[in-house]
Every structure is written in structure tokens, then in C-alpha cells.
Number of protein chains: 4
Amino acid sequence: MTTGDLTGTGASSGGRTSRTAPKLEKLLSSSAGLMAQRGFSQTSIRDVANETGFSLGGMYYYFKSKEDLLYLIQEKTFSSLLEIQEAAASHDGTAEERLRKLIGNHLAYFLSHANELKVCTFELESLQDERYDRIAVLRRRYFSCMAHAVAEVLGESPNHPGVRHKTLFIFGMLNWIFMWFDPERDEPVDRLGDEMVDLVLNGLNGGKDG
Amino acid sequence: MTTGDLTGTGASSGGRTSRTAPKLEKLLSSSAGLMAQRGFSQTSIRDVANETGFSLGGMYYYFKSKEDLLYLIQEKTFSSLLEIQEAAASHDGTAEERLRKLIGNHLAYFLSHANELKVCTFELESLQDERYDRIAVLRRRYFSCMAHAVAEVLGESPNHPGVRHKTLFIFGMLNWIFMWFDPERDEPVDRLGDEMVDLVLNGLNGGKDG
Amino acid sequence: MTTGDLTGTGASSGGRTSRTAPKLEKLLSSSAGLMAQRGFSQTSIRDVANETGFSLGGMYYYFKSKEDLLYLIQEKTFSSLLEIQEAAASHDGTAEERLRKLIGNHLAYFLSHANELKVCTFELESLQDERYDRIAVLRRRYFSCMAHAVAEVLGESPNHPGVRHKTLFIFGMLNWIFMWFDPERDEPVDRLGDEMVDLVLNGLNGGKDG
Amino acid sequence: MTTGDLTGTGASSGGRTSRTAPKLEKLLSSSAGLMAQRGFSQTSIRDVANETGFSLGGMYYYFKSKEDLLYLIQEKTFSSLLEIQEAAASHDGTAEERLRKLIGNHLAYFLSHANELKVCTFELESLQDERYDRIAVLRRRYFSCMAHAVAEVLGESPNHPGVRHKTLFIFGMLNWIFMWFDPERDEPVDRLGDEMVDLVLNGLNGGKDG
DNA sequence: TATGAATGAGCATTCATTCAT
DNA sequence: AATGAATGAATGCTCATTCAT
């Protein structure tokens with residue numbers, strides 16, 4: 001089996017539609033937890049076995065290699081987030097509302113899937129070749145989603161050079177959160193989202209001058 | 001020898017003033033290059049030996065452990081950057097000018113010391129105990145430097161809760177650069193700095209409304 | 001697996017009752033052979049691998065560290081000897097008969113398990129912390145066994161200060177054997193035991209005077 | 001230089017007569033301390049350098065190799081002890097008095113040169129080839145010294161088979177002391193010597209019967 | 001499905017020793 | 001007489017992976 005189907009033996013890969021078996025589910029979330037904490041390369045397959053109660057060899061029924069395990073996590077997580085965001089991006093409303101929604105969704109997803117999202121955010125480079133490419137595609141779609149909203153807010157074309165940078169600045173703010181967010185101190189996330197959107201839209205000067 | 005002087009046997013540690021020997025210098029910059037590229041845990045001491053031409057064991061004359069090597073890089077780099085920024089933070093001028101300068105300096109330092117700064121940015125957690133603590137102190141001083149400028153621009157106290165988040169957003173923008181910057185495409189850095197400062201101060205709406 | 005169960009995850013530790021698997025058995029006896037010959041610290045895990053035909057890493061399935069391997073040998077050997085001696089010490093008969101039996105048993109055990117006993121005798125200090133403590137307990141029980149017999153022969157309390165020294169002198173004679181015993185020259189062991197008991201009971205003067 | 005003169009370049013080797021330079025003296029006694037504590041193979045030349053304040057390379061002026069250092073310690077210590085004992089063995093008096101003196105001297109020497117004597121006692125096998133042979137010669141002379149006294153007490157020829165074993169039993173008692181002696185508890189050494197001689201001459205039964 | 005047993009490559013580190021100075 | 005710098009070999013150990021069952 002070993003989902004993701006990079007070898008093309010089955011048709012189960014889609015990710016969004018395939019029902020992930022509960023044991024695999026547990027495997028993925030435990031692994032994500034460990035990898036978020038220690039990083040991919042410092043998480044050993046043995047760690048995962050201990051955490052999940054599986055035997056070392058037994059887990060290889062569910063994935064074909066450590067890298068495949070990482071891929072599975074990223075594929076599942078990223079395509080699920082992407083689905084949410086592409087839906088949000090196609091909603092009616094003002095550009096500003098869409099941007100607000102995209103940022104809010106990202107933060108909400110972060111709250112509920114912190115480990116998985118951290119792994120998606122920081123471990124793309126631990127994938128190679130085809131697995132890298134597949135996730136990179138999702139990432140580009142996600143970037144594009146955000147870039148369009150930014151462009152619209154700016155009233156520019158998405159290809160306008162400034163748009164790229166500004167979108168990347170926004171992703172920087174969003175992704176850096178993994179480095180400092182402390183639920184005790186920084187909740188609620190709504191509020192955080194508002195602050196971020198406010199900075200993004202109006203800057204520190206708050207629209208007072210320009 | 002093994003500089004860094006975590007054991008407190010000498011007085012050479014300061015970093016800024018001690019003339020680092022040229023061989024150590026090369027060791028540190030080669031290591032930083034590898035670690036920036038592959039990550040600390042995936043950079044083997046053998047890699048460093050091959051890159052530098054040293055024998056495997058020979059390098060242990062210059063540092064006492066792999067972690068010590070990482071510490072040496074971070075200490076040297078971070079304290080040098082910090083020196084620059086603390087000077088900038090104490091200059092006369094408007095708060096906005098100071099913030100602009102801090103961001104500009106950071107980006108300029110990034111351009112000239114990309115590898116080292118990347119290692120400082122992403123590998124703090126690879127240090128432990130005392131070495132972690134020592135670098136964490138520098139990082140906090142750096143944060144504080146930026147937070148003061150942000151607070152001044154906002155006309156708030158540095159302790160105001162919003163200041164922390166906004167400062168972290170700015171660091172997010174700055175630090176995420178390692179993930180996407182491409183000299184071909186994204187130079188000159190001055191321009192990038194201006195864009196970032198512009199976003200930070202005025203937002204996407206560019207101060208046009210509030 | 002890694003028997004010995006210092007981490008308390010299983011119930012196999014007893015040593016006397018647990019049937020040691022044949023592969024582990026071979027590992028332990030080969031290791032004991034090498035360690036008896038060259039000493040613990042000079043016996044490399046690679047040596048053991050070569051001797052046993054295991055791969056280097058493969059052996060770590062059976063023990064968790066080199067020190068654990070040493071512990072396993074000592075625990076198994078010492079608790080087996082102790083069982084024999086504690087039984088002998090509780091037999092009926094005169095004190096002199098009991099002492100004779102203890103010395104005879106020790107020498108007989110030496111003949112059949114020379115390597116293991118040598119390792120027990122000279123490598124206690126190569127163990128640390130809990131492993132040290134556990135073997136030290138066995139050793140103290142063994143000492144106590146012998147000391148009781150000595151005390152009885154002397155007609156003293158086991159706590160009498162002279163008893164300790166005399167017991168230690170006897171252990172000195174017994175343990176020093178590893179340094180000189182040569183089967184060609186010094187067999188049979190019965191005879192050696194008689195000579196030792198004779199010295200211990202009657203001295204060089206053979207009870208002729210006092 | 002590197003005393004001991006195994007290479008035959010000089011005539012300084014004798015040991016008894018050559019005035020050992022004070023720096024070498026310190027080197028030898030520090031080394032003996034470390035080697036007595038941790039064993040020869042676990043004492044690194046770096047340990048010795050740190051303990052003595054010498055630089056690593058600098059010490060090689062005084063000995064040619066780690067093994068040479070061990071040899072130097074053993075040669076100096078053993079030949080000094082041997083000198084004392086051969087003198088004692090040639091004194092007038094009864095055989096019993098001579099045996100008593102030999103045991104007493106050994107214990108006294110142990111008290112004043114515990115580290116060195118421990119190294120002589122347990123690290124002969126760490127020497128090889130010629131160095132081994134040279135120390136083995138001293139050891140055999142020492143054994144012979146004691147064996148003659150034992151033989152005389154027994155009224156046997158030194159070649160009588162029982163004499164060898166009995167002498168070895170005595171050396172066992174004497175040498176095992178390194179394993180348990182605690183100055184707090186076991187002083188004074190005179191008393192210990194008397195107890196040992198008493199056991200050796202009269203046994204536990206104290207000559208009461210036979 | 002799942003496991004126990006095993007492998008081979010790789011890793012950080014230590015160490016005795018050398019040598020130019 | 002002594003040092004700083006460097007080496008090459010060895011060591012204990014971990015790890016992803018495999019495979020018969």
C-alpha cells in the first residue's frame with residue numbers, strides 16, 4: 001500500500017477523498033508530533049515505533065521509507081489546507097475580506113494542526129525528486145492563492161513584481177509563528193489574526209499618514 | 001584551545017574583539033555554509049573535514065564538539081550583528097528612521113553573511129544548556145532592540161502587548177527571506193528593504209485609508 | 001530486548017530462572033572470554049562481533065551498551081555462583097566443613113567458568129551507577145556468606161573486626177588464582193582446595209605450635 | 001632521553017642508582033596516581049598532561065611512549081621494593097622472623113606507595129616484549145624471595161611443590177589489599193600485618209589443634 | 001498485518017603519536 | 001626542554017531498512 005502512490009501501483013492517492021485508515025492516521029499524527037518537535041532528520045523511525053506501539057518493521061507496511069512517511073504527512077495536511085484556502089479565495093466579497101479570511105484560516109489551521117503544519121512549513125527540503133515536486137506543486141498553488149488576494153488588495157496584476165515580495169512577507173509573518181507562539185500568552189488566535197491583517201493592510205502607522 | 005570559552009578558562013570569548021585565527025575563521029565559514037545548506041544535524045563533521053581539507057580528528061583542536069562548532073558560529077555572527085544594531089538603535093533621528101535602519105542593516109548583513117545568519121536563525125534549538133542560554137541572551141537583546149524601535153513608531157511602551165506581536169511579525173518577514181531569496185531575482189536588497197519598511201509602516205493600503 | 005532489565009520494562013531479569021537464549025548465551029561467553037583475556041576496556045565491541053560472527057550493529061539487539069554486556073555477564077555468573085554458595089552455607093555440618101565446601105565450590109566454579117568469574121572478579125569497577133550497585137549487592141552477599149563461615153570457625157561474631165580481614169585474606173588467595181593458575185601445572189583443583197583450606201585453618205606451622 | 005634505556009643508548013637505566021629528575025619524578029607519580037585509579041588503558045596521555053601541567057607533546061621528552069611511561073613507573077617502584085626485600089631476606093634471625101618482615105615491609109611499602117605498587121601489581125600485562133620481560137624478571141626475584149622464606153618456615157626445599165602454592169596464597173592476600181583497604185577502617189598497617197602473619201603461620205584454628 | 005532478528009553504512013569523538021619550531 | 005598543531009586509526013553507538021515467518 002503505502003499511500004501517496006508515488007509508485008503508481010494503485011489509485012488511492014488523491015488525499016482529499018481517500019479515507020485514511022485509523023492506524024495510519026495515528027502513525028501520521030504521532031510522527032508529525034515528533035518531527036515538529038525534533039525535526040525530520042532527528043526523528044528516528046524507532047522513535048515513531050515507540051510512540052505508536054508498533055514494532056519497528058511493522059510500520060513499513062504503512063509507508064515505504066522514512067521519506068515516504070514525511071511525504072504522506074505533508075500531502076495529507078497541505079492538500080487539506082489548500083482545499084480550505086482555495087475555497088476561501090473563490091468566495092465573493094471584497095479583496096480585503098478575502099485576504100483577511102486567508103490569514104485567519106491559516107492561523108486557525110495552525111491552531112488545530114500545529115505539528116503537521118510545522119512539518120509542511122519546514123521540511124519540504126527533506127523530500128526529494130518526485131515527492132519534493134508533488135508537494136512543491138501544492139505549495140505553489142497555496143502561494144498563488146495568497147498572491148492573488150494581495151494583488152487584488154493592491155489593485156495590481158498578480159505578476160507585478162512587488163506582489164511577490166509582499167506575499168512572501170506575509171508568509172514570513174505567518175510561518176514564523178511556529179517559532180514563538182505560546183498558547184498561554186498569545187491566544188486567542190482571532191485577535192492575532194486581526195493584528196496581523198491590520199499590520200498588513202495599514203502598517204504600523206495605521207493609515208494615519210502615507 | 002576550542003574558543004568560545006564556555007568553560008571560563010580564558011578571557012578570549014568576547015567575540016567582537018578577539019582576533020579569530022584565520023584557520024578557525026575558515027572552519028567556521030565552511031561549516032556555516034554546509035549547515036546553512038543541509039541543516040546542522042545533517043552536516044557531518046566529515047563533511048566539514050572534506051570541505052576544509054582538515055583531517056577528521058584534526059578539527060577537534062579548534063572546537064570541542066560539533067555543538068561547540070555551532071555555538072562558535074552563532075556567537076561570532078550574532079554578537080557582530082548585535083553590535084551593529086545596538087549602535088543603530090542608539091542613533092539620533094526619528095523612530096521611523098531607526099526602524100528603517102534596523103531593517104536595512106539586517107538585510108545587508110544577510111546579504112554578506114547569508115550562511116552564518118541562516119544558521120543563527122534556524123539552529124538555536126540545536127544548542128543545549130549553557131550554549132543555548134548564551135545565544136538566547138543575544139537573541140533577546142536583538143529582539144529588544146527591534147521592539148523598542150517598533151514601540152517608538154507606534155508611540156507605545158515597549159511592554160505594550162501589541163508591540164511584541166508586531167515585532168515578531170517583522171522578524172518573520174526578515175527571517176523567512178532565507179526560504180526564498182534569490183539574488184538573481186530579488187536584488188538589490190535596498191529595494192527589498194524599502195518594500196518591507198513600506199509594508200511595515202503603511203501596509204498594503206499604503207496609508208490611503210484606515 | 002537487551003536482557004538484564006535495568007530499565008524495568010520486563011520481568012525476565014532474575015537470571016537464575018530465565019532461560020537465556022542460546023545466541024545470547026554464546027555472546028556472553030565469547031565476550032567473557034575476550035574480556036577475561038584483554039580486560040573490559042580493551043575489548044572492543046568489534047572484537048566480540050568478529051569472534052561471534054555477528055555484525056557490529058546486530059549485537060545491539062542483545063544488549064544496549066558495552067557496559068550492559070558486561071553487566072549481563074556478571075549478573076548471570078555471579079548470581080549462579082551465589083546460589084550455589086548460599087546453599088552450601090546453609091548446609092548442616094561443622095563450620096569447618098562449611099568453609100571447606102565454600103572454598104572448594106569457588107575453585108570448582110573457577111575451573112568451569114574461569115573467564116566469567118575473572119570478569120566478575122576484576123571488572124566490577126567498570127560498571128557504573130545502577131549496574132554497579134546491583135552487582136555490588138551480590139558481591140556483598142557473597143562476602144557475607146564466607147564471612148559467616150569464617151566467624152563460625154573462629155567462634156566469633158561475624159561483626160568481630162578480625163573476621164573481616166581474615167575473610168578478605170581468603171578472598172585474596174582465591175581471587176589471585178586468576179593471575180597464576182595453569183591447568184597443566186596446578187591441577188587437580190581438589191588438591192589446591194585442600195592446600196588452601198589447610199593453610200587457612202592451620203597455617204604454615206600446621207597447628208604444630210601457636 | 002626517555003629513561004629506562006630499553007633502546008640501549010645510555011647507561012642510566014639501573015633505576016636504583018640513577019637520580020630521577022624532579023620533573024620526571026612528578027610525571028611518574030602523577031601517572032601512577034591516574035593509572036592506579038582508572039587503570040592503564042583508561043588513563044590517557046592527555047589526562048597526565050592535564051594533571052601535570054605539561055603540554056601533550058612536551059611529555060614525550062620524558063618517555064617515548066605510553067607503555068614506556070608505565071615501564072618507568074614499574075621499574076622504579078619494583079626495583080626499589082625488591083632492594084628492600086632482598087635485604088630483609090638476607091638478614092639473620094629465624095625463618096618466621098624473616099617471613100614476618102617480608103610481609104610487614106610489603107604492607108609498609110603499600111602504605112607509602114599505594115599507587116605505584118598497585119600499578120606494578122595489576123598492570124604487568126600491559127607491558128610487552130622486552131619491557132614485559134624486564135619487569136617479569138623483577139617479579140620472579142620477588143616471588144623467589146618470599147618463596148624461600150616460606151620454604152624455610154615449612155622446613156621444605158624451595159622447589160617442593162607445596163611451597164609454590166602457599167607462596168602464591170600469601171601474595172594473593174597481600175595483593176588483594178588494593179581492592180579493599182580503607183585507611184579509615186583498616187589502619188594501622190602493623191596490626192594488619194600481624195593478623196596476616198598470624199593467619200599464615202597458625203591459621204584460623206590458631207594452632208589450637210591440627 | 002505485524003514482528004523479531006539482523007545488517008551495513010555512517011557518525012561523533014578520543015587517542016597515541018609526530019613534528020616543525 | 002617544551003609547545004601548538006595535526007594526523008590516522010580505532011571506538012561505541014545509531015539508524016533506516018530488509019526479510020523470513
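Chain identifiers are assigned alphabetically (A, B, ...) following the order of the sequence lines, protein sequences preceding nucleic acid strands; residue numbering begins at 1 within each chain. Small disclaimer: the values here were computed from a predicted structure and weren't measured.
Using a 4.0 Å cut-off, no side-chain N or O of C/Y60 falls inside it from OP1 or OP2 of F/dC15. A/Y61 has no side-chain polar atom (N or O) that falls below the 4.0 Å cut-off from OP1 or OP2 of E/dA2. Within the structure, a side-chain polar atom (N or O) of D/K23 is placed less than 4.0 Å from OP1 or OP2 of F/dA2.
Here C/Q37 pairs with nothing under the side chain to side chain donor-acceptor pair (under 3.5 Å) rule; sequence neighbours left out. Taking the side-chain contact (heavy atoms from CB on, under 4.5 Å) definition, one finds that B/S30 meets it with B/K26, B/E51, B/T52, sequence neighbours left out. C/S55 pairs by the side chain to side chain donor-acceptor pair (under 3.5 Å) definition with nothing, not counting sequence neighbours. Judged as a side chain to side chain donor-acceptor pair (under 3.5 Å), and not counting sequence neighbours, D/S29 has no contacts.
The CG atom of B/L28 sits 14.0 Å away from atom NZ of B/K23, with the distance rounded to the nearest 0.5 Å.
Sorted by residue number, the members of residues 29-43 of chain D with any non-hydrogen atom under 4.0 Å from DNA chain E read D/T43. Listed by residue number, the members of residues 49-58 of chain C with any heavy atom below 4.0 angstrom from DNA chain F are C/L56, C/G57.
A salt bridge links C/R131 with C/E67: at least one charged nitrogen is closer than 4.0 Å to a carboxylate oxygen.
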Using atom types as modelled, flag every donor-acceptor pair under 3.5 Å from a side chain in residues 122-129 of chain D to any protein atom, sequence neighbours excluded.
residue	atom	partner	partner atom	Å
D/E123	OE1	D/S126	OG	2.7
D/E123	OE2	D/F40	N	2.9

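What separates OH of C/Y62 from P of F/dC13 is a distance of 18 Å, to the nearest Å. Summarising the geometry, the separation between CG on A/L24 and P on E/dT1 is reported as 11 Å, rounded to the nearest angstrom. The distance from atom NZ of C/K66 to atom C1' of E/dT13 is 15 Å, rounded to the nearest whole Å. Rounded to whole angstrom, the span from the CD1 atom of D/I45 across to the C1' atom of E/dT17 amounts to 9 Å. Here F/dT3 presents its P atom at 10 Å from CE of D/M59, a figure rounded to the nearest Å. When the C1' atom of E/dT17 is taken as reference, atom CD of D/E67 falls 14 Å away, rounded to whole Å. The CG atom of A/D47 sits 14 Å away from the P atom of F/dT17 (whole-angstrom rounding). Between B/F63 atom CZ and E/dT14 atom P the separation is 11 Å, expressed in whole Å.
Side-chain contact between B/L69 and B/Y60 is absent, with no heavy-atom pair separated by less than 4.5 Å.
Across all non-hydrogen atoms, the minimal contact from D/G33 to D/N115 is CA-ND2, 3.4 Å. A pairwise comparison of heavy atoms in C/V119 and C/A36 identifies CG2-N, 3.8 Å as the closest pair.
Of the possible polar contacts, none joining the B/K76 side chain to the B/E25 backbone as a donor-acceptor pair under 3.5 Å is found.
Not a single donor-acceptor pair, N or O on each side, falls under 3.5 Å between the base of F/dA10 and the side chain of C/R46.
Counting only residues at least two apart or on different chains, the salt bridge (Lys or Arg N to Asp or Glu O under 4.0 Å) pairs with a member in residues 32-48 of chain C are C/R38-C/D47.
The side chain of B/S44 lies closest to E/dA12, out of E/dA6, F/dC13, E/dA12.
Taking a pair as Watson-Crick or G-U wobble with both distances under 3.5 Å, DNA chain E forms stems of 3 or more consecutive pairs at E:2-21 with F:2-21.
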